[in-house]
Q: 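Mind looking over this structure? Questions follow.
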Amino acid sequence: MIHQPVLLVIAHGSRDARHAATVHALVRRVRAARPDLRVETGFLDFNVPSVPGVLESLAADGVRDVVALPLLLTRAFHAKADIPAVLRAAPARLRIRQADVLGPSPLLTAALERRLREAGLSPADKSSTGVVLASAGSSDPEAIAVIADVAREWRHTGWCAVRPAFASASLPRTEDAVRELRALGCAKVAVAPYVLAPGFLPDRIARGAADADVLADVLGPAPEVARVLLERYDAARRPLVAAVGA
């Protein structure tokens with residue numbers, strides 16, 4: 001019998017206790033959706049268990065195959081440098097494949113729409129509402145371009161307008177995008193945080209949304225996010241399973 005690889009969800013971590021609580025809520029949803037799958041969580045910083053600690057525990061348990069899934073929305077520094085470095089230092093007995101980051105995905109756009117509905121917007125509001133797609137920000141041009149592409153594609157689904165904004169490293173800020181949408185004549189302005197969990201930068205996004213009509217919640221444990229995690233896991237596990245069966 002070929003055993004499926006363990007899914008290791010790698011989160012950034014934060015001093016803000018809400019961050020880890022949200023990550024664990026998301027992982028619980030993933031486990032509920034795939035009860036036969038072993039899912040572990042590790043943090044790069046601030047929280048425990050650490051990624052190296054989880055990898056050591058997996059090796060001690062006799063695990064051989066692991067899919068390491070970055071809990072990230074874009075391929076920026078953590079996905080390109082931090083996480084690969086941690087995985088290279090893992091116990092030699094582990095065969096690890098790093099899955100793709102979560103975004104972009106139509107499921108994440110659906111999760112954004114869900115959060116806006118929960119915040120009070122109705123389908124009838126869509127054509128008259130401008131949306132700020134507010135992300136944490138990055139100094140990586142690839143990551144910034146992805147956010148701009150997501151905003152552009154989302155605009156085509158019927159919103160009055162969609163503008164990207166960033167809490168750090170890039171411009172415009174959330175408050176600037178809110179003002180721009182007001183100037184465009186949108187009847188309502190909504191801010192949709194394109195972030196996975198609460199923390200310092202999401203709080204900055206919320207402060208920048210002070211003059212908006214609607215502020216949605218972070219993506220968190222939305223069912224669509226859990227589905228993306230499992231999609232990324234399934235795509236990454238195939239080469240590992242094929243290698244075991246060879």
Q: I need the minimum non-hydrogen distance between R238 and A235, along with the two atoms involved.
A: NH1-CA, 3.3 Å
Q: Got L37 and L230 here, is their nearest side-chain heavy-atom distance under 4.5 Å?
A: yes
Q: State whether the side chain of R115 and the backbone N or O of A216 hold a donor-acceptor pair below 3.5 Å, judged by distance alone.
A: no
Q: For D217, enumerate each residue passing the salt bridge (Lys or Arg N to Asp or Glu O under 4.0 Å) test, keeping only those at least two apart in sequence or located in another chain.
A: none
Q: May I have all residue pairs that pass ring-ring contact (aromatic ring centres under 6.0 Å, His included) and include part of residues 110-129, sequence neighbours excluded?
A: none
Q: Could you tabulate the donor-acceptor pairs under 3.5 Å formed by side-chain atoms of residues 220-229, not counting sequence neighbours?
A:
{"from": "E224", "atom 1": "OE1", "to": "R114", "atom 2": "NE", "distance (Å)": "2.9"}
{"from": "E224", "atom 1": "OE2", "to": "R114", "atom 2": "NE", "distance (Å)": "3.0"}
{"from": "E224", "atom 1": "OE2", "to": "R114", "atom 2": "NH2", "distance (Å)": "2.9"}

Q: May I ask you to check whether over 12 heavy atoms, not counting those of D211, lie within 6.0 Å of atom CG?
A: no
Q: Could you tell me whether the side chain of Y233 and the main chain of V6 form a donor-acceptor pair under 3.5 Å?
A: no
Q: Using the test side chain to side chain donor-acceptor pair (under 3.5 Å), find all partners of R93 that sit at least two apart in sequence or belong to another chain.
A: none
Q: With a cutoff of under 4.5 Å between side-chain heavy atoms, which Ile, Leu, Val, Met, Phe, Trp and Tyr residues group with V48?
A: none
Q: Sorted by first residue and then second, give each salt bridge (charged side-chain N to carboxylate O under 4.0 Å, His left out) pair with at least one member in residues 21-30; sequence neighbours left out.
A: none
Q: Quick one: pull up CD1 in I10 and CG in D82 and give me the separation to the nearest 0.5 Å.
A: 10.5 Å
Q: Under the side-chain hydrogen bond (donor to acceptor under 3.5 Å, both in side chains) rule, what pairs show up with a residue in residues 45-64, not counting sequence neighbours?
A: R38-D61
Q: Group every Ile, Leu, Val, Met, Phe, Trp and Tyr by side-chain heavy-atom contacts under 4.5 Å, then state whether V101 and L201 land in the same group.
A: no
Q: Between V66 and R95, does the side-chain contact (heavy atoms from CB on, under 4.5 Å) criterion hold? Intermediate values first, please.
A: CA-CA 6 Å; V66 177; R95 180 163 45 191; over 6 Å; no
Q: Please report the shortest heavy-atom distance between L55 and L94, naming the atom on each side.
A: O-CD1, 3.4 Å
Q: Quick one: hydrophobic cluster around V191, which other residues, with the 4.5 Å side-chain cut-off, linked directly or via members?
A: V132, V178, L181, L184, V189, V195, I205, L215, V218
Q: Any heavy-atom pair between the side chains of Q4 and D36 that's under 4.5 Å?
A: yes
Q: Excluding sequence neighbours, so at least two apart, what forms side chain to side chain donor-acceptor pair (under 3.5 Å) with R163?
A: E180
Q: T157 versus V162: any side-chain heavy-atom pair under 4.5 Å?
A: no
Q: Treating H19 as the side-chain partner and A197 as the backbone partner, does any N or O pair qualify as donor plus acceptor under 3.5 Å?
A: no
Q: Please list all pairs meeting side-chain hydrogen bond (donor to acceptor under 3.5 Å, both in side chains) that have one or both residues in residues 169-179, counting only residues at least two apart or in different chains.
A: D176-R179
Q: Supply the atom-to-atom distance L219 CG to T22 OG1, rounded to the nearest 0.5 angstrom.
A: 11.0 Å
Q: In Å, rounded to the nearest 0.5 Å, how long is the span from CD1 of I96 to CG of L8?
A: 8.0 Å
Q: Could you check whether K188 pairs with D213 (Lys NZ or Arg NE/NH1/NH2 to Asp/Glu carboxylate O, under 4.0 Å)?
A: no
Q: What's the verdict on side-chain contact (heavy atoms from CB on, under 4.5 Å) for R204 and S168, showing C-alpha distance, side-chain angles and the deciding distance?
A: CA-CA 9 Å; R204 182 179 287 178; S168 67; 4.0 Å; yes
Q: Can you see which heavy atom on L87 is nearest to which on Q98, and at what distance?
A: CD1-OE1, 3.7 Å
Q: One pair to check against side-chain contact (heavy atoms from CB on, under 4.5 Å): F43 and V23. What are the steps and the verdict?
A: CA-CA 10 Å; F43 295 90; V23 170; 4.2 Å; yes
Q: For D100 and L69, which heavy atoms make the closest approach, and how far apart are they?
A: O-CG, 4.5 Å
Q: Quick one: list whatever passes salt bridge (Lys or Arg N to Asp or Glu O under 4.0 Å) with D234, sequence neighbours left out.
A: R34
Q: Using only atom types and a distance under 3.5 Å, with no angle test, would you say the side chain of R97 pairs donor to acceptor with the backbone of A236?
A: yes
Q: If I take atom OG from residue S135 and atom CD1 from residue I144, how far apart are they, to the nearest 0.5 angstrom?
A: 6.0 Å
Q: May I ask you to decide if the ring planes of H12 and F46 are parallel, tilted or perpendicular, using 30° and 60° as cut-offs?
A: tilted
Q: Can you name the nearest heavy-atom pair linking L102 to R232, along with the distance?
A: O-NH2, 2.8 Å
Q: Assess whether side-chain contact (heavy atoms from CB on, under 4.5 Å) is satisfied between D125 and L116, documenting all intermediate values.
A: CA-CA 11 Å; D125 294 318; L116 286 169; over 6 Å; no
Q: Do you know the tightest heavy-atom contact between Y194 and L133?
A: CB-CD1, 3.7 Å
Q: According to ring-ring contact (aromatic ring centres under 6.0 Å, His included), does anything in residues 133-155 pair up with another residue at least two apart or in another chain? List the pairs.
A: W154-W159
Q: Any chance you could measure S139, atom OG, to F166, atom CZ, to the nearest 0.5 Å?
A: 12.0 Å
Q: Using a strict threshold of under 4.0 Å (side-chain N to carboxylate O), is an ion pair present between D140 and K80?
A: yes
Q: Which value, rounded to the nearest 0.5 Å, describes the distance between S14 atom OG and R18 atom CZ?
A: 8.0 Å
